[in-house]
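Here's the structure we're looking at; comments come further down.
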Amino acid sequence: MIPAPKVERALTQVKSGPVKSETPARKDNAFHSLAMERKWQAKWEADKLYRAVIDETRPKHYALTMLPYTSGDLHFGHWYPMAPSDARARYKRMNGYNVLYPIGFDAFGLPGENAAIKRGIHPKEWTYKNIDNMRRQLKTMGTMFDWEREAITADPEYYKWTEWFFIQLFKAGLAYRKMSPVDWCPNCNTTLAREQVWGEDRHCERCGTPVIKKDLEQWFFKSTQYADELLRFDEIDWPERVKTLQTNWIGRSEGASVIFKTEMGDDIEIFTTRPDTLWGATFMVFSPEHPLVDKITAPEQKDEVEAYKQQAARQSDIEREAVDKEKTGVFTGAYAINPVNNERIPIWIADYVLMSYGTGAIMAVPAHDERDFAFARKYNLPIIPVIQPEGVELNGDTMEVAHAGEGVMINSSPFNGTPATSDKGMKNPAIRAVTEWLEQKRIGKRAVNYRYRDWLISRQRYWGSPIPMIYCNVHGWNPVPEDQLPVLLPDDVEWKPTGESPLKLHPTWKNTTCPICGEPATRETDTMDTFMCSSWYHLRYLSPDYDKGPFDEAEYNYWMPVDIYTGGIEHATMHLLYTRFFHKAMRDAGIVEGNEPMLQLRNQGIILGGDNEKMSKSRGNVVSPDELVAQYGTDALRTYLMFAYRWQEGGPWNSSGIEGTARWLRRVWTLFTDPTQPGTASAETRRTLRRRVHQTLRRVTNDFEDFEFNTIISGLMELLNEMYKAREEGAAGSPEWEEATELYLKMLAPVAPHIAEELWTNQLGKPYSIHEQKWPKVDEAAAQEDTLELPVQINGKVRDRIIVAADASEAEIKSAALASAAVQKYLEGREPKKVIVANRRLVSLVI
RNA sequence: GCCGAAGUGGCGGAAUAGGCAGACGCGCACGACUCAAAAUCGUGUUCCCUCGGGAAUGUGGGUUCGAUUCCCACCUUCGGCACCA
């Protein structure tokens, strides 16, 4: 799921020189990062240090990071979210939580199949080879993943349950088949969900090819049934950005549906957000595809209408939906009756009315809608104002723009005089009054419309989870009996990008029998959108080997819900919305509990190439982490990824900055390994050291909680500088020094786990493993400052600094400030007009 | 057009219940060590200056003793949506 193949060894980018020598021969205690890292990784694995099992005596913490797509090679797109997430999971673990931090692979999908078409490798072989490599790479990161919980979505043991979930959705009435115009990627040769079509040119999210429309019968999930609940975020701590994106995507609008009638008596249902403007409807507009068009068109208009329909059909969506396009339309020759005032109004067709939203027909109120206004002026249709703004008299013949704002209802007996505010929905008194009246009169009712569409799940491809459905000529569509799952993907298929699923072309695979009558029947040959696989992977991690259900309930009850989920914001309206829908649907089916699957979400930013462009093979700006690991070690890269950016922002990649964290870690190494004679530091030096240690601990602790990774590293860098200073002043050997070294390594452990372990066990001689130690507690008394240094401002400019006791009263601070030589000089004997002691942080004088 | 995020040194960034702008690091310069280099260590590094200071957090206003932080208007960049009735 994390963005796809950017698998290039961009040596050109990293070639800053040969790999630097790991053995600068001068010192025996030189820092051999690579060998040391490998040593600890092997030991941790052998000791199962990071195995997470149910333990009722400890609080649980389920930390989830988005699983990678099996493109073959890990790049910074993977490391950037994972390194800090891993550090935080380790931090939580040291805080006494039983932490589940699992990983798996999003293994189905188009790139695997495309590799097969291009290079003749079976997708299965390609995918599993990539997984082996990625697993190895993930291990070099020194992550604390519990590998015994690994899940791979392309394993039959996994997709058996993806199929099972499809059947549960079907049984719940949430999966259905429908013929409709769907988005089709001509390059990927498959349909796409609306979420997978991006940008102004409506291109395929994966390959960038502009999509086309096709009329196809496809499987959908009724995600719109949960639209209102998906708009509620009160139980989850998710970033505002994501909530806004999801809210806009769902696009809820409140209004009314009203039944108009044709002169011949056919019902025409329309949706409007402005029922208060019904009296200003001077014509109606149908989408060219509206089913009533043929029936109502008058004989003398037939040719014109037919021509317009043809033309609209030929145009692409992009052409049709271009905003600045001049509106066009054709009169049908038919008339409708406005139910609120029995006015006879003409019916037009125009392509600015879309069949895919609302009912495909609108009432046009040109006085109060920009689009209707433009249309009315072009075709000389009447304009009648029904909302009068204050202080202006609208005149339908002369007005130059539609008035969409507030005013008072006019020409709308019996509602004249009702104020219309700019509020939307029933909060607007005019809308409320009219809607209630419509309901009484039974010509309309309250209605809500969404931009959100049902989730199109069918894909005409091979490398995905089969849709476990069977078609029988007599009994229609029925699910495969659950005891026959999984429906296995056959290995022997032919790779031809025909636009049909390779499964359809397989000679025997689709032949089966009807589960109702036992007569010959056919399997569904489309496969599922891979977002179905990733909608529930967090559940499979709970018990990846469990075969009596998708997950073991005991594991579910202990670990769920996910406490923290980290990953990219690009999934805001895709995976992050699908998985919420999935969870809610399965909750209603009685399979899971709780309203939300993931309580807290945090998004990292995107790492761009050095040229400020998205990293991609075609741009040739991909940087491989492997080179940097070889050169600097994993700890240096992990810490650099945490230090270099605001994590939630990201930015263009720059390899040179890693020198900073590498240098810092070498300085840590040197401080701990240089033999130093115990000294005789003053009590003041030792007190200061201890204060700095506990101040840093407080800061690092808070920053971990708040995902402020860059300041964790800078805090530790500052403390190291303080420790060097203290050692120079003879602090080594003192109890304060001992505490400082111990706490330093504990704070270092989550971010640089290898070097911390090495120094902890081998230099300090403490018991293995540092990763089993408790996170230290801040000694607030020790962190307290004895004195305060306050700047003194005169007319807003800093002129002096005074030092006062930390517990000095405001009066004492004031007199100390007034006594300062600089202040005396500026005052020249006068009294200051004002003296402000601000929060014991600053003194401000006005003279 | 609508919605959202963000603008701070050469660079990444720090500091917002309103209180010392530029922490920490990269880069750069100079010095020490070295035959030399690398590594390491030390010093300096926002800009201007008449060496007293002065200016500066996208721009312009405002509130305040005091604004990177709050308010108003605008500019730029990025992301999303877009004839949604």
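By convention in this document, chain letters (A, B, ...) are assigned in the order of the sequence lines, proteins followed by strands, and residues within each chain are numbered from 1.
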| query | If only side-chain N and O atoms of A:R274 are considered, is one of them under 4.0 Å from the OP1 or OP2 phosphate oxygen of B:A85? | reply | no

| For nucleotides 24-31 of chain B, read 5' to 3', which letter fits each nucleotide if B means a protein heavy atom sits under 4.0 Å from the base, S means only the sugar-phosphate is that close, and - means neither? | BSSS----

| request: Name the nucleic acid region contacted by A:W249, choosing base, sugar-phosphate or nothing; use a 4.0 angstrom heavy-atom cut-off, strictly under. | output: sugar-phosphate

| said: With rounding to the closest Å, how many angstrom separate the C1' atoms on B:G66 and B:C20? | reply: 12 Å

| Do A:R252's NZ or CZ and the ring of A:Y452 fall within the cation-pi criteria of under 6.0 Å and 45°? | no

| task | Using the six-membered ring of A:W198, assess whether NZ or CZ of A:R206 lies under 6.0 Å from its centre and within 45 degrees of the ring axis. | result | no

| note | Checking N1-N3 plus N6-O4 or O6-N4 for Watson-Crick, or N1-O2 and O6-N3 for wobble, each under 3.5 Å, the partner of B:A55 is B:U46

| said: For a quick test of reading the model: is some side-chain N or O of A:S253 closer than 4.0 Å to OP1 or OP2 of B:A85? | reply: yes

| So, is A:R646 close to the B:A5 phosphate, meaning a side-chain N or O under 4.0 Å from OP1 or OP2? | no

| query | Taking for each residue the nucleotide of RNA chain B bearing the nearest heavy atom, is the 5' side occupied by A:E649 or by A:R699? | reply | A:E649

| Does a side-chain N or O from A:R451 land closer than 4.0 Å to OP1 or OP2 of B:A82, or not? | yes

| message | What's A:K243 touching, base or sugar-phosphate or nothing? Going by heavy atoms closer than 4.0 Å. | response | nothing

| task | Figure out the CD1/C1' separation between A:I569 and B:C78, and round it to whole Å. | result | 12 Å

| How should the glycosidic conformation of B:G79 be described, syn or anti, under the criterion that syn lies within 90° of 0? | anti

| message | For the aromatic rings, using the six-membered ring if either is Trp, is the centroid distance between A:W455 and A:Y578 under 6.0 Å? | response | yes

| field | Chi class for B:G54: syn within 90° of 0, otherwise anti | value | anti

| field | Rounded distance in Å between the P positions of B:A36 and B:C24 | value | 32 Å

| Cation-pi between A:K327 and A:Y352: NZ/CZ under 6.0 Å from ring centre and within 45° of the ring axis? | yes

| A:R194 and A:E205 ion-paired at < 4.0 Å | no

| message | Before we go on, tell me: are the rings of A:Y645 and A:F709 under 6.0 Å apart, centre to centre? | response | no

| Reckon A:I836 touches a base, only the sugar-phosphate, or nothing at all at heavy-atom distances under 4.0 Å? | base

| Now, which nucleotide makes the Watson-Crick or G-U wobble pair with B:C24, with each of the two distances under 3.5 Å? | B:G12

| Which is true for A:G650 with a 4.0 Å heavy-atom rule: it touches a base, it touches only sugar-phosphate, or it touches nothing? | sugar-phosphate

| query | Looking only at atom P, what distance separates B:G10 and B:U16, rounded to whole Å? | reply | 24 Å

| said: Categorize A:R799 for me: base, sugar-phosphate, or nothing, with a 4.0 angstrom heavy-atom threshold over every strand shown. | reply: sugar-phosphate

| query | B:C71 and B:U63: how far apart are their P atoms, nearest whole angstrom? | reply | 16 Å

| task | Quick one: look up who B:A17 pairs with, Watson-Crick or G-U, both distances under 3.5 Å, and put none if it's unpaired. | result | none

| message | With nearest nucleotide decided by heavy atoms, which residue, A:W198 or A:L845, maps closer to the 5′ end of RNA chain B? | response | A:L845

| field | A:T328-A:Y308 side chain donor-acceptor pair, cut-off 3.5 Å | value | yes

| Side-chain donor-acceptor contact under 3.5 Å, A:W249 with A:E195 | yes

| query | Tell me: NZ of A:K424 to C1' of B:A85, nearest whole Å? | reply | 12 Å

| said: Within the 4.0 Å heavy-atom criterion, would you say A:N710 contacts the bases, only the backbone, or no part of the nucleic acid? | reply: sugar-phosphate

